[in-house]
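Only this structure's heavy atoms are used, side chains among them; waters, hydrogens and symmetry mates stay out. Values in this document were obtained by computation on a predicted structure and should not be read as measured data. Naming convention: chains lettered A, B, ... in sequence-line order (proteins, then strands); numbering from 1 in each chain.
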Protein chains: 2
Amino acid sequence: MRAGSPRLLREINDRAAIEALLRNGPLTRSELERLIGLSKPATAQLLTRLETADTVVRNGLRGGGRGPRAQLWSVNGTLAHIAAIDLTPETVDIAIADISGAVLTEHKAPMPVKHGVLEAFVSAVGKACGQAGLQPDQLLHVVVGCPGAVNPANGELAYAPHLPGWNGFDMPGRLREQLAAPVSVENDVNLVALEEMVAGRATEVRDFVVIWPADLVGAAVVINGVLLRGASGGAGEIDGLMIPDRACADTDTDRSGGTFGELLSNASICKLARAHGLAARNAQAVVRKALAAGPAGREFLVDLARRIATGVASVVAVLDPELILLSGDIAQAGGATLNDLVAAELRQLVVPRTPVQLALVTGKPVRSGALHSALAVAREQVFGLPAATTAPFRGPVVAGSPR
Amino acid sequence: MRAGSPRLLREINDRAAIEALLRNGPLTRSELERLIGLSKPATAQLLTRLETADTVVRNGLRGGGRGPRAQLWSVNGTLAHIAAIDLTPETVDIAIADISGAVLTEHKAPMPVKHGVLEAFVSAVGKACGQAGLQPDQLLHVVVGCPGAVNPANGELAYAPHLPGWNGFDMPGRLREQLAAPVSVENDVNLVALEEMVAGRATEVRDFVVIWPADLVGAAVVINGVLLRGASGGAGEIDGLMIPDRACADTDTDRSGGTFGELLSNASICKLARAHGLAARNAQAVVRKALAAGPAGREFLVDLARRIATGVASVVAVLDPELILLSGDIAQAGGATLNDLVAAELRQLVVPRTPVQLALVTGKPVRSGALHSALAVAREQVFGLPAATTAPFRGPVVAGSPR
DNA sequence: GCTCCTGTCTGTTAACTTTCCAGACGATTT
DNA sequence: AAATCGTCTGGAAAGTTAACAGACAGGAGC
């Protein structure tokens with residue numbers, strides 16, 4: 001720790017004011033006073049200083065009460081812009097926002113099946129930027145959420161990415177080069193977790209895990225309010241976890257050495273369903289069918305829950321989190337029924353009584369999470385604000401809407 | 001974030017000075033200036049202020065160079081005292097230290113087999129305090145390291161504690177009552193991890209896991225330099241982890257559903273050894289014998305390493321830590337050979353190439369870890385210093401030794 | 001071997017700067 | 001008339017730069 005002169009106080013107070021303005025939208029001077037705890041003259045001086053530095057701007061007047069109309073202030077959004085991108089095998093979904101968090105424009109485009117993905121991606125970003133009146137190289141930061149995880153050593157997508165055409169090269173490096181803007185690539189489940197922490201089920205919780213049972217099982221781990229990425233970007237990559245098959249129905253699996261991913265693959269789940277007399281073309285459909293069917297369906301769901309819970313048990317044994325969130329197509333299809341079955345099975349496997357809930361997936365969690373992630377990077381760079389999401393964030397400010 | 005007046009500067013600077021003095025032992029004013037970055041008059045004023053508040057004391061003079069002898073300053077150790085205790089089924093090992101980290105006295109006593117453990121414990125603490133010229137109720141904080149983990153809900157020891165006589169009541173509560181001092185009870189493996197982070201193999205690493213393969217498998221998880229305890233104190237309690245038995249030799253285990261602890265129990269390891277033609281009365285002895293034996297011994301060690309690595313793989317899949325440390329009797333007995341076999345097996349199970357090393361267990365890691373833990377609590381209370389061990393700690397100051 | 005000078009370091013004092021606070025005052029709006 | 005906004009004035013708290021007196025080691029000179 002180092003000591004500081006009065007100059008340090010300035011920095012602390014400026015940052016406090018900027019953070020308050022970002023969080024709580026346009027504010028009058030007196031509101032800002034109360035939020036950051038400075039006196040009237042100090043706050044006024046601070047605002048004029050930040051205004052001449054172009055950091056804050058006047059944003060209308062607040063009337064209504066007695067006395068003269070108060071000046072409203074907000075952070076100058078045009079200081080910097082960011083892009084948040086949800087990249088899937090089928091589509092790319094782009095949002096351009098300014099540093100205040102206001103979304104300027106959105107753009108969605110299909111991705112080609114195999115060749116030319118990079119070109120399609122870059123042109124979609126270019127189009128989105130154009131709609132916002134920007135060039136891609138004016139973006140302060142770009143966050144791309146996609147399946148898989150980037151290996152920090154060589155930048156390649158690892159952990160069995162389901163993104164055809166994106167393998168075998170330094171993905172963030174190539175994007176950075178093509179867009180002439182800083183790019184970071186983040187696992188999609190991690191971004192969902194970020195979003196759940198910011199505006200979903202995990203706002204009151206500091207340690208939680210999002211589990212994504214699917215053809216490619218993923219998980220995101222949040223410890224102490226900070227997303228855990230892992231030494232090689234592989235935290236939460238539990239697809240390869242070796243777990244025993246504890247399903248009651250015999251589906252001929254090698255009971256001594258299945259991976260979590262194998263046990264929850266489409267094929268394996270459909271096989272399990274057939275053993276219970278159910279048939280459908282994929283896991284999601286099977287689960288829906290089982291919910292509609294009677295006792296046989298329930299038995300299948302119990303077996304499925306046992307498989308899921310056995311993997312979740314490993315996570316709970318290692319981390320003992322405050323909360324487990326289930327997300328993804330299968331969990332959504334299974335709804336509260338499957339969720340509760342997993343919770344019940346989990347209780348029999350581990351000592352902690354960790355609550356299991358369905359993730360609150362509304363809207364576009366991956367893109368939203370990417371937006372928050374990019375904003376955190378940009379705000380750290382521009383304002384020196386700490387990027388760790390500690391205090392609850394009250395959601396982005398909508399452009400031009402005074403509160 | 002809140003803003004601050006000049007008074008906040010005082011607090012920041014005082015804390016910086018106290019931290020520098022705690023870390024780097026007795027310092028002259030000019031050394032302190034350089035460390036915290038204040039000017040000469042400000043530092044001098046700060047020291048006289050802290051001296052009149054009894055927070056720092058003069059600690060001899062530094063001669064040798066030109067000019068007058070410089071005054072040495074250090075934190076007033078007598079401000080508060082703490083106790084660090086290593087509690088095992090057989091013995092209790094107590095150290096009393098002051099807030100500067102100087103150990104005033106040590107005391108070790110045997111524990112009774114079944115009855116009267118509480119009384120024996122309290123009397124041992126009383127004796128240790130007496131040697132230091134204190135009463136137990138003068139202790140600002142007491143940290144007890146022991147096997148198992150305390151359930152925060154009711155204070156009872158959980159996770160199959162191997163501490164006879166300590167079950168079925170609110171352990172920290174009862175100790176607090178008997179000693180009339182604040183007590184916290186911490187898992188012993190957690191304290192070993194803390195010690196490895198402060199002065200062992202993990203000083204350069206922020207995310208690591210200590211694995212303790214034994215009759216009761218434990219693990220300690222450190223994320224971002226902070227020990228993870230878990231929502232119900234159960235983080236790292238991987239004894240109950242469901243893993244398949246991947247040993248080649250058939251020992252008649254239920255391949256579909258063993259727990260990690262069952263596969264590494266004394267009985268199970270001896271059975272595995274017998275399948276390889278080795279016999280001894282406990283796991284530690286078997287491992288030693290296998291090291292001495294030839295190829296058959298090696299085959300057994302490979303099988304043992306497969307069991308250990310399968311459990312470790314679950315941890316790596318969830319956390320992707322920078323480092324895995326093996327500790328405890330079995331790992332010690334197996335030495336580098338077993339360590340390397342585990343590392344090799346682990347590579348076949350997971351994507352990350354997590355290094356596996358033997359813990360650097362010298363001296364008394366549990367008691368030492370308890371000491372650091374108690375000091376962190378005391379320093380937070382007395383000086384308002386943040387308790388998270390972020391910056392590397394350079395070891396406690398030995399009583400009365402000027403540097 | 002002794003004395004004295006010099007350079008360097010310690011610790012203190014004084015004057016100045018930066019930052020914030022308390023309170024007063026005029027202007028504005030209901 | 002009452003409340004509120006924005007600004008102004010004087011002062012308090014904290015730190016910085018600069019200068020000074022005193023202490024001590026080392027070397028020069030005898």
Side-chain angles (χ1 to χ4, degrees), chain A residues 1-18 20-21 26-53 55-74 384 402, chain B residues 1-18 20-21 26-53 55-74 402-403:
Chain A
M1 215 201 297
R2 275 185 79 79
S5 354
R7 174 157 281 123
L8 174 67
L9 226 40
R10 266 280 156 89
E11 276 175 45
I12 292 175
N13 295 348
D14 282 5
R15 261 178 280 184
I18 292 168
L21 286 172
L27 294 172
T28 68
R29 186 202 22 75
S30 62
E31 287 166 340
L32 188 60
E33 272 168 39
R34 273 191 289 281
L35 278 169
I36 63 177
L38 281 189
S39 68
K40 193 164 24 170
T43 313
Q45 200 188 23
L46 183 152
L47 282 170
T48 57
R49 181 157 32 85
L50 290 185
E51 188 187 23
T52 58
T55 308
V56 302
V57 291
R58 290 164 192 265
N59 194 328
L61 298 171
R62 152 119 5 126
R66 287 180 172 174
R69 286 180 240 283
Q71 181 63 248
L72 283 168
W73 301 87
S74 57
Chain B
M1 214 198 302
R2 274 186 80 79
S5 355
R7 174 154 283 122
L8 174 66
L9 267 188
R10 268 281 155 89
E11 274 175 46
I12 292 175
N13 295 349
D14 283 5
R15 260 178 278 186
I18 291 169
L21 287 172
L27 294 171
T28 68
R29 184 200 25 72
S30 63
E31 288 166 341
L32 187 61
E33 274 169 36
R34 273 190 290 280
L35 279 169
I36 63 178
L38 280 190
S39 68
K40 192 160 33 164
T43 313
Q45 202 187 21
L46 183 153
L47 282 170
T48 57
R49 182 159 31 86
L50 291 185
E51 189 188 21
T52 58
T55 308
V56 302
V57 291
R58 291 165 192 262
N59 193 328
L61 298 171
R62 152 113 12 121
R66 287 183 170 175
R69 285 178 246 279
Q71 181 63 246
L72 283 169
W73 300 89
S74 56
R403 295 201 221 179

Tell me whether the OP1 or OP2 atom of D/dG15 has a side-chain N or O from B/Asn13 closer than 4.0 Å. yes
Rounding to a whole Å, what distance do you find between A/Glu31:CD and D/dT4:C1'? 13 Å
Spacing of B/Trp73 atom CH2 and B/Thr28 atom OG1 [to the nearest 0.5 Å]: 11.0 Å
Does the side chain of B/Ser30 get closer than 4.0 angstrom to OP1 or OP2 of C/dC9 through an N or O atom? no
B/Arg10 CZ to C/dC20 C1', in whole Å, measures 15 Å
Contacts of A/Arg58 meeting salt bridge (Lys or Arg N to Asp or Glu O under 4.0 Å) (sequence neighbours excluded), chain-then-number -> A/Glu51
Using a 4.0 Å heavy-atom cut-off, write out nucleotides 25-30 of chain C from 5' to 3' as B (base contacted by protein), S (sugar-phosphate only) or - (no contact). ---BBS
Of B/Ala70 and A/Gln45, whose closest DNA chain C nucleotide lies nearer the 5' terminus? B/Ala70
Is A/Gly4 touching bases, backbone alone, or none of the nucleic acid, heavy atoms closer than 4.0 Å? sugar-phosphate
Nearest-nucleotide 5' precedence on DNA chain D, A/Pro6 against A/Leu61: A/Leu61
Could you walk me through whether B/Gln71 and B/Arg62 pass the side chain to side chain contact (heavy atoms under 4.5 Å, CB included) test, one step at a time? CA-CA 6 Å; B/Gln71 181 63 246; B/Arg62 152 113 12 121; over 6 Å; no
Using whole Å, what does the distance between atom C1' of nucleotide C/dT18 and atom CG of A/Asp14 come to? 13 Å
Please tabulate, one pair per line, all N/O donor-acceptor pairs under 3.5 Å involving side-chain atoms of residues 38-50 of chain B, not counting sequence neighbours.
unit_1: B/Thr43; atom_1: OG1; unit_2: B/Ser39; atom_2: O; d: 2.6
unit_1: B/Thr48; atom_1: OG1; unit_2: B/Ala44; atom_2: O; d: 3.4
unit_1: B/Thr48; atom_1: OG1; unit_2: B/Gln45; atom_2: O; d: 2.8
unit_1: B/Arg49; atom_1: NH1; unit_2: B/Asp14; atom_2: OD1; d: 2.9
unit_1: B/Arg49; atom_1: NH1; unit_2: B/Asp14; atom_2: OD2; d: 2.9

Please determine whether a side-chain nitrogen or oxygen atom of B/Arg29 lies at a distance below 4.0 Å from atom OP1 or OP2 of C/dG11. yes
Assign each of A/Arg49 and B/Thr28 the nucleotide of DNA chain C bearing its closest heavy atom; nearer the 5' end lies the nucleotide of B/Thr28
Take atom CG of B/Leu8 and atom C1' of C/dC21, then tell me their distance rounded to the nearest Å. 15 Å
Salt-bridge present (B/Arg15, B/Glu11; N to O < 4.0 Å): yes
Within the structure shown, what part of the strands sits under 4.0 Å from A/Arg7 by heavy-atom distance: base, sugar-phosphate, or nothing? sugar-phosphate
Are any of A/Ser5's side-chain N or O atoms less than 4.0 Å away from OP1 or OP2 of D/dG15? no
Return the minimal non-hydrogen interatomic distance between A/Leu32 and A/Ala20, and the atom names on each side. CD1-CB, 3.8 Å
